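Here is the structure we will look at, set down as structure tokens.
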Amino acid sequence: MSEHIVQPRVYLMIFLALMAGTGLTVVAAFYDFPGPLNAVVALTIAVIKATLVVLYFMHVRYSGRLIWLVIGSAIFWLAIMFALTISDYWTRTWFVPM
Amino acid sequence: MQSWLPVPESASTLSGDVDALYFYIWGVTIFFTLLISVVVIFFVIRYRRRNPFEIPRPIEGSHKLETLWSVIPLLIAITFFVWGAKLYFAQYKPAQNAIEVYVVGKQWMWKFQHATGQREINELHVPVGRKVKLIMTTEDVIHDVFVPAFRIKADVVAGKYTTEWFEATKPGTYNFFCAEYCGMNHSGMRGYVVVMEPTEYENWLSGNAGQTSPAAAGRNLFESLGCISCHGANAEGGRGPALLGVYGSKVVLNNNSSVTADEGYIRESILNPQAKLVTGFGPIMPSFQGQISEEQLLDVVAYIKSLSTTKPEQATAKPAPSATPSTGAKPSATPK
Amino acid sequence: MEEFEIPKQPGSNYLNAEYGLKSWLLTKDHKRIALLYLGAISFFFFIGSLYAMAIRLELLTPQGDLMQSSTYNKTFTQHGIIMVFFFLIPSIPATLGNFLIPMMIGAKDLAFPRINLLSWYIYMIGGVITIYALLAGGVDTGWTFYVPYSTTFSNSYVIATGLGIFINGFSSILTGLNFIVTIHTMRAPGMTWFRMPLFVWAHYATSLIMILGTPVVAITILLVALERLAHIGIFDPAAGGDPVLFQHLFWFYSHPAVYIMVLPAMGVVSELIANFSRKNIFGYKFVAFSSLAIAVLGFLVWGHHLFVASQSVYAGMIFSFLSFTVAIPSAIKVFNWTATLYKGSISYDTPMLYGLGFIGLFTIGGLTGMFLASLATDVHLSDTYFVVAHFHYIMVGGTLLAYLGGLHYWWPKISGRMYPEGWGRFSALIVFVGFNLTFSPQFLLGYMGMPRRYHTYPAELVSWQVLHVLSTAGASILGVGLMIPLVYLAWSLRYGRIAEANPWHLPGLEWQTASPPPTENFLTTPIVTHEAYEFAPPEHKEVVGKFERQQPAET
Amino acid sequence: MPEGLAATHDHPSHPALQHHFENMEQQREAGTLGMWVFLVTEIMFFGGMFLAYTLYRFEYPAAFVSASNHLDIKLGAINTAVLIVSSFTMATAVYSTQVGRQRTTIICLILTMILGATFLGIKGIEYHDKYNDHLIPGQLIPSRPFAPEVAKPGDTDPHKLHLIEGATVQNVQLFYWIYFAMTGMHALHMIIGLGIMTVILIMAWRGKFSPEYHAPVEISGLYWHFVDIIWIFLFPLLYLLGRHLEGHG
Ligand code: HEA
Ligand code: HEA
Ligand code: CUA
Ligand SMILES: [Cu+2]
């Protein structure tokens, strides 16, 4: 069996990184970044945190291609749902009925 | 008037085009259906099992054939797409110089209001050879105005205005239907479009004259709802912005973006004034949500539209009396 | 002809391994669960059919003489809901798929037998709640539950029905999950991906849609129910919400769901065409991958249900274009099935008749989808009987026929008995004729402007009534055609000729074990050395066109 | 580190091997893949709500900021930390079964459950605050319909709703509907997670797990971490975006 055992030290480091990320995102929220950057900053931190959890706590870094594929497809389909729905909302005002 | 042919009456400038596309797709459909049926039937007879123990030679497949029968359908499908999209664009491209009719659907009836004031229920009179634009909304659920003879259909969605237009080519009486399921009496929510010769139409208009036009009714509402307290007795402005010439103009908002003031924008400004604030003004306008019915709202919109002479659609209108709104507003109002 | 090894009949099979109600209701055997589903699904089909007959009778005349408008609205709503969610979506996957997938890949069971049983119970709970809603007063929103009608204006049992469908959704999710894991992890030694029967490929693609789409409709329906309960919501325009968002979320699932309904049928037809002409399928990999292509592309086109729903014109164009791309993998399948017949040894057994019927009717159903995917024609045809005809052609003419074909084909394996062949062919013919007479007039009705979900129609339109009468007449013939198999299949359970292990003399793994199979399917785990549909030794293979001859894989 | 527990030699007779699997490896693989596929369905399930959130955030930015700023950022941040710690203890629990330390496993599982319950408790406090401020949308609670008190300019009462320019109460309600739908669904998943943990704890207690057989712990861990990830997104989206505008109302 090709089970990989992640060492507690790694878990601890990931844990600390996650806590730091949480602190950072709270602090960043009170700064006003220009334009849409507020959301970008908050979401980037969230994505990084989620990635760490997936890769280490959920062992995906040590898992086979199939698991990567499964996760990839979830993200892909979510992207389809967002992109095509937003394509409607985005372009609704292009056609001003005047 | 209903023929035995399985095709509805063709009575608008669009219907011929839609029919052509329709028959083209039928052509392709029949071709492929026949092709496949004939080939299948031929194989099934030709290669029927003659001996219970026979094993035919296996055939692997062919890349050439696979390519052929993916590419040909794709090319044909693209012709469907291009043709269909072109017509669709034409259908939804807003009409210029159109007669505007306000439509309010409610369970289970249709109310039409002409710019000249005539109100009708489940019946719509229009002249032949003029574009007619329906500006539609609903007081309750989603409905849909479907006129088979004109090949048009559009949902009427709560909370916003949708539009569709047609230009009738043949006088006559045509069925129209509510084509979006809307509850108990959905199938009863239908009526007739009466297409008349222009002179007849003039007669009809004058025979039904004397009703307040939407713009005039809107003018009255503008007073009774207290809009004048901020926008001025003649909408010349005050605590709120002047509304003269707003319709059709680009409005600059307080976040420096700008929007074109169409019917939908005016509607939103009244129901949800905080959503888009005009630059230089505070959020003091109250929402009129719940205090004004959809019909009244359309009247107020008509009034505000009448304050604008730069109505793009009517800029080049030939002086057809039916299209000139007989407004109760001060005609001397000049756009800013 | 190649000799197939017929295994000795083992003493016990899955049917007689255990007795008693408890042994059925607590079974973890995929074959028994398939039969539990078969019973439940047939029941729901029966209910749905009664509604269909009521619709057809009402439409004989332009007036509403049989029932009131509110009753009619409930009738077609309940017809649609039961047929879609409780019959057609689980039909082939949960019965034939459940029964056959483990056998076809040489496994003893699905990966999660307990979850399999759970999914049946969930299905039943969802079904019972829905039946309760029907009995308590019914639901009248249309199977599409459009807001704000369903959230605010309808006076019917929307919440209960919604709950039933929400729960039922999890049954579908669990079935899909089980199939995916089983196909990935439980294949017998030597059963490579490209040796799997196309039935399994089709179910793999179906399962993808089940797990990726169903959760979205589940949450959407749940939100509708909550909105109704709490008088506020994200879809209600009166509260600042957007009713079109509901339509997006609903069709994000419900369009791909039509491929949940048709892909398994295509899997069945691939089996029928190949096996009853004793040939390997023409272009195996193309047919296999076209299932996946349909599953993926099927997720990109849902907006074609919103062409007249005030969706942006540009989005409409994107969705229209993408809709046409789905036609290509469908075309690949149709042409490859046809090519498989070429130089085959074609028998006219009942399952094959159904399979051939599927090809023709699916082609018509699919091509009429082209009218709807094309923007300008859809504006005219949307929400008319043209749409009704389109989807019945695929769902009844396509999937229902394939389901019947599959049921006959595997009946000896499932029950251990043969059905009466003469009756089988006879009823297949009646079904085919009745079906066409029912639904072809509806294409004409639709183009003439008859809107769907209409209880009454203008009496002055005589041609409309004529077409409706034809349609009702066809439905009666169809009804008779469907009654006959019901009777003779039940009859054959007792009186049918005992089936051999491999009555059709086929190479598929499911035929290499007794009929009915033993509880663990095979006495020993099979080791696969054959390609799928390998009737003759590989040396005899012929190649059409420029196609690199592949060496048979060594295992 | 004691290694080599990768059980290359499965005992076909391992008591936990189900009849239809060939060996423990296959069984474990199926279980893990099954959980991942299930998580995909969960992503799509929450995805529908995230989509609604995104669209309305663009549609009504001011209302969303006002409503968001009314949430208690301290409680939200604490809860985020609580969940992260619980994920850490969960990961440790998986590790200790892998190396066969039963006692540590049990302790870690209990800690995880306590943290999960703490999260729910804090969530309960937050819900109660919203109840007090009449922010439960619509008639979700029929006796207490949505009717927040709107603060006048200069009024700093935190229990009143501070609307920034362009926000309406109606659209604030929309935010709260999404807030309750999403956090409610998340909380439901936490409760289910606690149920699963209870089962796992009992199994661990009875010594069911060993370095050869611990798939259930691992699989439940995946679920637990997933629920954590949902919150990692909910926290910034619901609590943080627009915070810099706090007090502008
Ligand atoms: C199993 C069910 C099923 C299937 C498989 C399909 C398949 C398709 N459907 Fe259908 N559809 C429904 C069930 C189904 N549909 C239902 C239930 C509704 C109504 C929902 C409601 O509102 O209640 C509906 C409604 C519907 C609409 C909306 C109509 C409206 O309400 O306005 C549209 C629009 O594009 C559409 C399109 C298509 C297309 C393009 C396909 C394609 O997948 C078809 C592809 C197949 C082929 C094209 C045939 C094979 C190809 C050839 C033989 C080669 C030759 C081809 C070319 C030259 C192009 N369908
Ligand atoms: C799997 C899906 C499925 C199936 C199998 C069917 C089967 C049939 N459907 Fe249905 N139908 C839908 C799915 C399906 N339908 C959907 C989704 C809608 C849209 C609903 C909506 O708008 O919300 C719809 C709507 C719909 C309408 C449009 C209603 C309207 O818009 O007003 C009509 C009208 O003719 C119709 C007819 C039929 C007929 C005649 C059959 C026949 O094929 C049925 C034939 C079967 C039998 C007759 C049963 C066999 C006999 C028995 C089991 C014994 C009992 C019978 C007798 C005693 C005669 N259906
Ligand atoms: Cu109004 Cu249907
Ligand atoms: Cu579709």
Side-chain angles (χ1 to χ4, degrees), chain B residues 2 4 6 8 18 21-22 25 29 32-33 36-37 39-40 43-44 47-49 53-66 69-70 73-74 77 80-81 84-85 87-88 91-92 140-142 148 151 153-155 157-159 162 175 177 179-187, chain C residues 1 69-70 142 148-149 153 237 278-280 282-283 286 308-310 313 317 320-321 324 327-328 331-332 335 338 341-347 359-360 363-364 367 370-371 374-377 379-380 382-383 444 448-449 451 453-456 461 463 535-536 540-547:
Chain B
Q2 195 64 37
W4 278 80
V18 175
L21 174 57
Y22 177 76
I25 306 182
T29 300
F32 275 99
T33 309
I36 286 161
S37 323
V39 173
V40 165
F43 284 170
V44 165
Y47 302 114
R48 68 186 176 280
R49 186 169 303 166
F53 300 108
E54 71 186 0
I55 298 278
R57 272 180 97 76
I59 298 177
E60 192 87 339
S62 154
H63 278 253
K64 247 193 209 155
L65 279 175
E66 302 287 352
W69 60 50
S70 332
L74 183 66
F80 297 163
F81 168 70
L87 286 181
Y88 183 69
Q91 241 169 13
Y92 276 84
D140 36 57
V141 302
I142 302 178
R151 314 286 189 272
K153 180 183 286 136
D155 275 8
V157 183
T162 55
N175 279 294
F177 301 98
E180 184 62 63
Y181 175 65
C182 55
M184 188 174 74
N185 211 6
H186 166 57
S187 63
Chain C
M1 124 148 230
S69 289
S70 50
Y149 183 69
F153 290 87
R278 293 216 179 130
K279 278 191 59 217
N280 62 330
F282 192 88
F286 287 89
V308 296
S310 84
V313 171
M317 292 199 184
S320 166
F321 180 77
F324 288 111
I328 308 312
I332 290 180
F335 291 123
T338 311
L341 298 172
Y342 175 67
K343 289 194 178 170
S345 163
I346 298 163
S347 84
I359 298 184
T363 302
I364 298 178
L367 281 163
M370 300 292 101
F371 293 77
S374 170
L375 287 154
T377 34
V379 169
H380 179 65
S382 180
D383 276 316
L444 305 179
M448 289 163 79
R453 299 171 171 175
Y454 257 36
H455 173 222
T456 60
L461 305 180
S463 51
F535 285 84
H540 293 173
K541 249 185 203 161
E542 195 178 318
V543 178
V544 176
K546 255 212 228 114
F547 192 88

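Chain A is the first sequence line, chain B the second, and so forth, proteins listed ahead of strands; every chain is numbered from 1. Hydrogens, waters and symmetry mates are skipped; everything else that's a heavy atom, side chains included, is used. Just so it is clear, the model here is predicted, and its values are computed rather than measured.
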Identify which of B/Pro73, B/Ala154, B/Gly183 forms the greatest number of heavy-atom pairs closer than 4.5 Å to chain C.
B/Gly183
Closest non-hydrogen atoms of B/Thr162 and C/Ser310, given as atom of the first, atom of the second and distance, are CG2-CB, 3.6 Å
Grab the two heavy atoms, one from C/Tyr149 and one from B/Met184, that are nearest each other, plus how far apart they are.
OH-N, 4.1 Å
Show the nearest heavy-atom pair for residues B/Phe81 and C/Met317, with the distance to one decimal.
CE1-O, 3.3 Å
For C/Lys343 and B/Pro56 the tightest heavy-atom approach is O-CB, 3.2 Å
If we ignore hydrogens and angles and just use 3.5 Å, is the side chain of B/Lys153 paired with the main-chain N or O of C/Ser382 as donor and acceptor?
yes
Rounded to the nearest 0.5 Å, how far apart are CZ of C/Phe371 and OH of B/Tyr22?
6.0 Å
C/Asp383 side, atom CG; B/Phe177 side, atom CZ - distance, nearest 0.5 Å
13.0 Å
Residue B/Ser70 versus chain C: region with a heavy atom under 4.5 Å:
both
Could you state the interatomic distance from CZ (B/Arg57) to NZ (C/Lys279), rounded to the nearest 0.5 Å?
11.5 Å
Spacing of C/Thr456 atom OG1 and B/Asn185 atom CG [to the nearest 0.5 Å]:
7.5 Å
I'd like to check B/Tyr92 versus C/Val308 (side-chain heavy atoms, cut-off strictly below 4.5 Å). Are they in contact?
yes
Using distance alone, with no hydrogens and no angle criterion, decide if B/Thr33 and C/Thr363 have a side-chain donor and acceptor under 3.5 Å apart.
no
Yes or no on side chain to side chain contact (heavy atoms under 4.5 Å, CB included) for C/Val379 and B/Tyr88, after CA distance, side-chain angles and deciding distance?
CA-CA 8 Å; C/Val379 169; B/Tyr88 183 69; 3.7 Å; yes
Segment of C/Ile328 engaging chain B (4.5 angstrom heavy-atom cut-off):
side chain
Identify the two heavy atoms, one from C/His380 and one from B/Pro8, that lie closest to each other, and give their separation to 0.1 Å.
NE2-CG, 4.0 Å
Which one of C/Ala327, C/Ala331, C/Ser345 has the most heavy-atom pairs closer than 4.5 Å to chain B?
C/Ser345
Which region of B/Val157, side chain (C-beta onward) or backbone (N, CA, C, O), has a non-hydrogen atom less than 4.5 Å from a non-hydrogen atom of chain C, or is it both or neither?
side chain
Evaluation steps, side chain to side chain contact (heavy atoms under 4.5 Å, CB included), between B/Phe80 and C/Ser320:
CA-CA 10 Å; B/Phe80 297 163; C/Ser320 166; over 6 Å; no
Which residue out of B/Ser37, B/Gly159, B/Ala77 racks up the most heavy-atom pairs below 4.5 Å with chain C?
B/Ala77
C/Ala309 versus chain B, heavy atoms under 4.5 Å apart: side chain, backbone, both or neither?
both
Heavy atoms of C/Ala376 and B/Leu21 approach each other most closely as CB-CD2, 4.2 Å
Could you state the interatomic distance from CD (B/Glu66) to CD1 (C/Ile332), rounded to the nearest 0.5 Å?
6.0 Å
Under 4.5 Å to a heavy atom of chain B? For C/Phe335 that would be both
Side chain to side chain, B/Val44 and C/Leu341, heavy atoms closer than 4.5 Å
yes
